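Values below: every heavy atom of this structure, side chains too, minus hydrogens, waters and symmetry copies. We name chains A, B, ... by the order of the sequence lines, and we start the count at 1 in each one. It should be emphasised that the depicted structure is a prediction, and the values quoted were computed from it without experimental measurement.
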Number of protein chains: 2
Amino acid sequence: MERTEFVSAANISERLAQPPALAISTVIFALRPSEKTGRPTLWLPLVRRIREPFKGLWALPGGPLTQADSLQDAAARNLRDTTGLAPSYLEQLYAFGGLHRSPSQRVVSIVYWALVQSTEAELAQESENVQWFRADGLQELAFDHNEIVNYALWRLRNKMEYGSIAYHLLGEKFTLAQVREVYEAVLNRKVDPANFRRQLKQTPYIEPTDEFLQGGKHRPPRLYRYTGEDAHTWPGGKAGDIGPPGHPPSRP
Amino acid sequence: MERTEFVSAANISERLAQPPALAISTVIFALRPSEKTGRPTLWLPLVRRIREPFKGLWALPGGPLTQADSLQDAAARNLRDTTGLAPSYLEQLYAFGGLHRSPSQRVVSIVYWALVQSTEAELAQESENVQWFRADGLQELAFDHNEIVNYALWRLRNKMEYGSIAYHLLGEKFTLAQVREVYEAVLNRKVDPANFRRQLKQTPYIEPTDEFLQGGKHRPPRLYRYTGEDAHTWPGGKAGDIGPPGHPPSRP
DNA sequence: GCAAAAGTGTTCGCACTACACCCATGA
DNA sequence: TCATGGGTGTAGTGCGAACACTTTTGC
C-alpha cells in the first residue's frame, strides 16, 4: 500500500517540484495447505486499498519509510503491522522507481521479501482488508505489484535451488519429507525422496534430533532441526545468486 | 558523491522532521592494464569530495535522483557525467539505507553497478577530482562506500561465474584468450585454456568471425563476437542468483 | 629449428539421476 | 499381512578438471 494520500491534490507543476516519495513494501510468503489437495502451497497476504488510486484493488503491504527505522526494520515493522507475525527470513528484493508507477505522485518503492514459519502463519490475522492469496495465479493488483510479486517468486525459487531457505518456511523441528514438500511446492516439480535425503544429510546446519513424529499413518519419521543463522540481513545471496560477501551458497 | 550540501545546517529536530533524502550512486568497473605486470586488472573511477562531510576523501560518483529520470537512467547519466562514457552493462546493486550513513542528513542511496568496455575506458576523462583506482586494496572512502564497493565486487565475481558478463568488459571483437584473461583478472585465479575454450564454444551468443588478431608474437588467434542482448536493464540476474524472470543463466 | 601460444583429444573423478530394494509401522 | 511411507544401495550419465598432445606462427 503506497501511502500516496499525503500528497495534497498534486498538479503537474507541483509534481515536478516535489522530490520522489520513498516507500517500503514487503512480499510475504508462507506455506498453507491448498484448498483442494491439502498439500502445502505458497500464499501471501495482501491489503485492500481503501483510497484512490486503485481503490478497491489488492496491494502489497507497505507504507512510507519511518524516520527511526532502517530499511530492514521498516520492512519488518510493516510485516508485523499487517499480519502480526515476525519474519524468519527477510531480504531486500529490489528498488522500483519507474516514473509512472503511481498516477498521483512519483514513488520509489524499496521492496523486501520475507518468509514466515508455517507454524506461526496459521495464527496470522485476517480481516476485511487483509487476506491471504495463493502466490500463483494472482488477480490484478494495484500499481506494478503483479510484476513485483512475480519477481519475488522468481527470486524465491532461485534461492531455493541453492541456499538454505526452505527451513525458514517450516517450524523448529521438521521431517525430511516436509522439507521435500516445501521444495516441491515452491519449485513445482517432483523430487526423488531418496536422492533428496542424501543431499540434505551432506549439508551442514541440518542435525537430527532424537525425536520422531508420531501420529502418522505409517512408520514415524525422524525430526530434524536447522542450526544455521537466523536471518540474512544483508544483500542478495547467490542464486544465484546473490548473498553477502563471504557467505558462499550451500547445496541444496 | 552524496549531495548532502543542499541541507542547510540541519539541527536534530529538523533532521527528524525531514524525509530521508534519495540519492543514486554507481560503481563503475573497467579493465585497465596493471602498472606492474601490464596484465588487465579491475579499476573504477572515484570522485573527490570537495565539501563536508568527508571533504577530501574519495567517493563513488553519484547525486540526487533527478525528477525526469528512471533509476536506471539516473545511474547512466551520472556515469556519463563523471567519466564521459556509456555503460555496456548496468544493473541495480542494492539500496543502502542505514540510519547514520551520512552525518548530516539521513540519505538512502540506490546503488547501481556498471561495466565499461575496455576499448572505450581508455578515453575516459580524468581530472584533479576524478581518478581511476584499482578495485582491490582501496584506501578509505567516504561514507560507507568501501562496503558498497566490496559488495559490488562480490556481485561481479558471482555473475562472472555464471552469466555472460565478461564480454561487456571487452571491445566488439576479442580473442578467447582475452576473455580468459578477464576471468582470471576478476576471479583472481588461473583458468585452464583448453577447458575454457570448450566451454565458451558451447555457449550461445559467441560467434567466430573470419578475422584473426595480427601483430602478436605467435600464432594469430581467431577473433570472436558477442551477439547477446546489449544490457540487462532488469533486476538481479542469478548468480546467483539473481536475474530477470525467464532469463536463466548460461555457462560459463 | 625453437619457443610459445593456438587449438584438440582423452582420461578421471564427482555429483546428480533413476530406480530397485529392504525396513518399520498402523490398520 | 498388507499397504505405505521411511530409509539404503547401486549402476548409469553428464560435466568439469587435469594434462598430454598436435598445429601454427614469429624470430
*So what does A:Lys190 hit on the nucleic acid, given a heavy-atom distance under 4.0 Å: a base, only sugar-phosphate, or nothing?*
nothing
*Looking across every strand, which nucleic acid part, if any, lies under 4.0 Å from B:Ala177 by heavy atom: base, sugar-phosphate, or nothing?*
sugar-phosphate
Rounded to the nearest Å, what distance is computed from the [atom1] atom of residue [X] to the [atom2] atom of nucleotide [N]?
X        : N      : atom1 : atom2 : result
A:Phe196 : D:dT8  : CZ    : P     : 15 Å
B:Asn195 : D:dA20 : CG    : C1'   : 13 Å
A:Asp192 : D:dG5  : CG    : P     : 15 Å
A:Leu213 : C:dA24 : CG    : C1'   : 15 Å
B:Gln202 : C:dG7  : CD    : P     : 17 Å
B:Leu200 : C:dA6  : CG    : P     : 13 Å
A:Gln178 : D:dG6  : CD    : C1'   : 13 Å

Residues which pass side-chain hydrogen bond (donor to acceptor under 3.5 Å, both in side chains) with [X], listed by chain and number, not counting sequence neighbours:
X        : value
A:Asp81  : none
A:Asn129 : A:Arg48
B:Arg198 : B:Asn195

_Pairing residues for A:Phe174 by the ring-ring contact (aromatic ring centres under 6.0 Å, His included) criterion, not counting sequence neighbours_ = A:Tyr167
_Residue list, ring-ring contact (aromatic ring centres under 6.0 Å, His included) with A:Trp58, at least two apart or on another chain_ = A:Phe133
*Axis bend over the full length of the helix from C:dG1-D:dC27 to C:dA27-D:dT1, computed from five pairs that close each end, to 10 degrees*: 10°
*Compare side-chain N and O positions of A:Lys201 against OP1 and OP2 of D:dT8 and report whether any pair is under 4.0 Å apart.*
yes
*Search all heavy atoms of A:Leu200 against all heavy atoms of A:Ile206 and return the closest pair with its distance.*
O-CB, 4.3 Å
*If a pair satisfies side chain to side chain donor-acceptor pair (under 3.5 Å) and one of its residues is in residues 207-224 of chain B, list it, with sequence neighbours excluded.*
B:Lys173-B:Glu211
What's the closest nucleotide to the [X] side chain, out of [options]?
X        : options               : answer
B:Arg222 : C:dC19, D:dT8, C:dG7  : C:dG7
B:Phe212 : D:dG9, C:dG7, D:dG6   : C:dG7
B:Arg198 : C:dG9, C:dC19, D:dG7  : C:dG9
A:Arg197 : C:dC19, D:dA18, D:dT8 : D:dT8

*For the residue pair A:Trp154 and A:Tyr151, categorise the inter-ring angle as parallel (less than 30°), tilted (30 to 60°) or perpendicular (more than 60°).*
parallel
Can you check nucleotides 24-27 of chain D for protein contacts, nitrogen or oxygen pairs under 3.5 Å, and list what you find?
unit_1 : atom_1 : unit_2   : atom_2 : d
D:dT24 : O4'    : B:Arg219 : NH1    : 3.4
D:dG26 : O4'    : B:Lys217 : O      : 2.6

*According to the salt bridge (Lys or Arg N to Asp or Glu O under 4.0 Å) rule, which pairs have a member within residues 109-127 of chain A, sequence neighbours left out?*
A:Arg32-A:Glu126
